[in-house]
Amino acid sequence: MIQAQQRWLIFVFISAVLISSGSPSVAATGPGRAAVASAHPLATQAALEVLGKGGNAFDAAVAASAALAVVEPASSGLGGGGFWLLHIAAGGRDIMVDGRERAPLAATRNMYLGSDGKAEARLSLDGPLAAAIPGEPAALVHIAERYGRLPLTESLRPAIRYARQGFAVDAHYHRLVQLRRSVLERYRATAAIFLQAGAVPKAGWVLRQPDLAATLEAIAEAGRAGFYEGEIARRLVRAVRAAGGIWSLEDLRQYRVVEREPTRLRYRGLNVVTTALPSAGGLQLAIMLNILAGYDLGSLDKAHRIHLVVEAMRRSYRARAHYLGDPDFVAVPRRRLASVAYAAALRQGIELNHATRSAALGELGDPPGKGADTTHFSIIDAAGNRVAATLSINYPFGSGFVAAGTGVVLNDEMDDFATQPGEPNVYGLVGGEANAIAPGKRPLSSMSPAFVETPQRIGLLGTPGGSRIVSMVLLGILEFADGQPPTVWVSRARYHHQYLPDAIQYEPAAFGARLRERLAGMGHRFAPLTQDYGNMQAILWERRGNRLRAVSDPRGNGSARVTSWPATVRPGD
Ligand code: GLY
């Protein structure tokens, strides 16, 4: 049994492993035709290859997503899900493609509780019982068929090639396999793919995934039926059930992506377009930015500015814990939570020189008003179509379970539910009734791809990072609002507060001794991190001069490219 404190320690440890690659910042600038920033050079290359064949940003997004499924198998994949935020230049429409996993039909509210009524954390993290029904394959088919120009056989081609021919793994892969070794070893089909004769592979080892190549080919040939029906579906269900899971063929047959209206907000002259529920990101950003809009942050010294941002974070994570869940299952007072009036009421409780104790905020009552390891990429094409997408299988290597003969690593996204309302999940996040497990329900997420817009500047950003995703996106938006370039959005040292635990988490470089002293003087508590976190992938398009900048977070191994296609792209490179 893992209690709250132990779960928290797991997250802190994971954070340290996830972010310590330390490569230099990767940035590309130019008056190009298209730009791509992703967490892996081969995914960026896949997107460029597809653009070079006449594909648009949506085809490139399908190619990048599928490539990431192959080359970052610990972070996202066909066994997981995500949110793809699309801007369709013709008509100026924005759409969120919700490819979030959903709970199996046989799921029950208390399925992860032991006989003592307490959550048994490993059950929602390791093995097939932890896996929700994947949404990524359906999302890729949907995006390609509805918005792309190329057939799936073209947009999935680079991923199929990487899976079949293999690629050399890096030190990051080595670290993540080491981290999840015990669960990867437990399942023969998983170990056969990701370990080297039972040992943790060193950087440079070539990872080949022929079963995954065949599954991608089945999707390329048959669309969603290639995954959710037929032989692949039967293999998935057979393997999951044989190992103690609860999936059925009906679960797979029923899975559908949902197109949702994104959350739109205004902050000091900026338009922000970001995720809708079941991502908590949009509403949390609305609450935080609405609170902060009441202050002139630029006129404040650094300590006061950080203090106010932290107080806004504290209140938005508290509202999340209480109100947010899958909108198809629970009534969420969205309009009121996103309102200026709600933020104004919260702002009244903020003191300019004193931290609020989270416990002092007490229980939230009725809704306000009336009584009321994951990955990201950003892509823009020559026509101005855009995609910002954050994808996940949750924990590194998800549940650690591969259904034999499919090559698909299943997620452990069930842990994003409040497996025991009131108790923290692996990211230390507390959830409430609104995020309790129910059959067919989507777990609440933090993934928050975003567009930030002024008449002259368009930003695309997002990042992995568990519960810290939303606060990282907030800090990125505030940097954009200050006119900072994308190199600053992705590289500035970060801090975070999530209501509970009641402490500011921060990267080593974020606070010097004096700044920390001043914040402590206001009553803030600290949970310093020994390592950095996040892996933001961002693009800035400045309309004047049609200038593009693409940037990868220096904390990761990403690759950012601006291309004046066709000159710089050689399909098949
Ligand atoms: N599994 C991470 C998230 O969706 O927030």
Side-chain angles (χ1 to χ4, degrees), residues 7 10-11 14-15 18-19 39 65 68-69 72-77 79-85 96-103 121 124-126 130-136 139 176 180 257-258 260 263 274-285 313 316-317 320-321 324-327 373-376 388-400 409-419 424-431 434-435 437 441-450 462-474 496 498-499 533-536:
R7 300 184 84 140
I10 293 175
F11 177 47
I14 292 277
S15 304
L18 282 176
I19 34 64
S65 306
L68 287 165
E72 271 200 327
S75 301
S76 71
F83 301 115
W84 288 257
L85 190 64
M96 180 180 108
V97 175
D98 170 359
R100 182 69 162 162
E101 303 89 331
R102 49 175 254 173
S124 59
L125 288 173
D126 301 338
I133 305 305
E136 178 159 326
L176 293 177
R180 294 289 270 154
V257 296
V258 183
R260 300 190 194 268
T263 302
T274 184
T275 46
L277 290 170
S279 166
L283 281 172
Q284 282 196 256
L285 287 166
M313 289 175 181
S316 85
Y317 277 93
R320 167 197 180 126
L324 304 192
D326 182 345
D373 252 38
T374 308
T375 192
H376 178 88
T390 312
L391 320 175
S392 183
I393 50 175
N394 201 27
Y395 221 45
F397 286 98
S399 66
V409 184
L410 303 189
N411 69 85
D412 56 358
E413 221 72 71
M414 292 296 283
D415 194 66
D416 275 350
F417 280 115
T419 53
N425 75 355
V426 76
Y427 299 113
L429 283 172
V430 180
N435 191 30
I437 302 172
K441 188 174 175 183
R442 286 157 146 88
L444 194 61
S445 171
S446 298
M447 295 185 286
S448 312
T463 178
S467 57
R468 300 187 192 119
I469 290 174
V470 190
S471 63
M472 283 187 267
V473 171
L474 172 74
H496 170 79
Q498 60 181 47
Y499 170 52
Y533 61 90
N535 194 5
M536 189 170 276

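All ligand and atom numbering here is 1-based and tracks the order in the structure.
- The shortest separation from a heavy atom of Gly466 to ligand 1 is not under 4.0 Å, leaving the residue out of contact.
- In summary, the atoms of ligand 1 found under 4.0 Å from a heavy atom of Asn394, numbered by their order in the structure, are 1 (N), 2 (C).
- Between Thr374 and ligand 1, a contact under 3.5 Å exists for no N or O pair.
- Of the possible donor and acceptor atoms, none in the side chain of Asp415 sits under 3.5 Å from a partner among the backbone N and O of Leu125.
- Atom numbering of ligand 1 starts at 1 in the shown order; those under 4.0 Å from a heavy atom of Asp416 are 1 (N), 2 (C), 3 (C), 4 (O), 5 (O).
- Asn411 contributes no side-chain N or O that, together with a main-chain N or O of Gly398, makes up a donor-acceptor pair within less than 3.5 Å.
- Between the Glu101 side chain and the Gly81 main chain, a donor and an acceptor come within less than 3.5 Å of each other.
- For atom 4 (O) of ligand 1, the nearest protein heavy atom (residue, atom name, distance) is Ser445 OG, 2.6 Å.
- The side chain of Arg100, and not its backbone, has at least one atom closer than 4.0 Å to an atom of ligand 1 (non-hydrogen atoms only; side chain from C-beta on).
- Side-chain atoms of Leu444 and Leu277, non-hydrogen and from C-beta on, do get closer than 4.5 Å to each other.
- When heavy-atom distances to ligand 1 are checked against a 4.0 Å cut-off, Ile469 has no atom that comes that close, whether in backbone or side chain.
- Side-chain atoms of Ile393 and Leu410, non-hydrogen and from C-beta on, never get closer than 4.5 Å to each other.
- The backbone and the side chain of Ser446 each have at least one atom closer than 4.0 Å to an atom of ligand 1 (non-hydrogen atoms only).
- Of all the atoms in ligand 1, the ones that sit under 4.0 Å from a non-hydrogen atom of Ser392 are 1 (N).
- In this structure, a donor-acceptor pair under 3.5 Å is absent between the side chains of Arg100 and Ser279.
- Among protein heavy atoms, atom 1 (N) of ligand 1 sits closest to Glu413 OE2, 2.4 Å.
- Cation-pi geometry between Arg468 and Tyr533 is met: under 6.0 angstrom from the ring centre, within 45 degrees of the axis.
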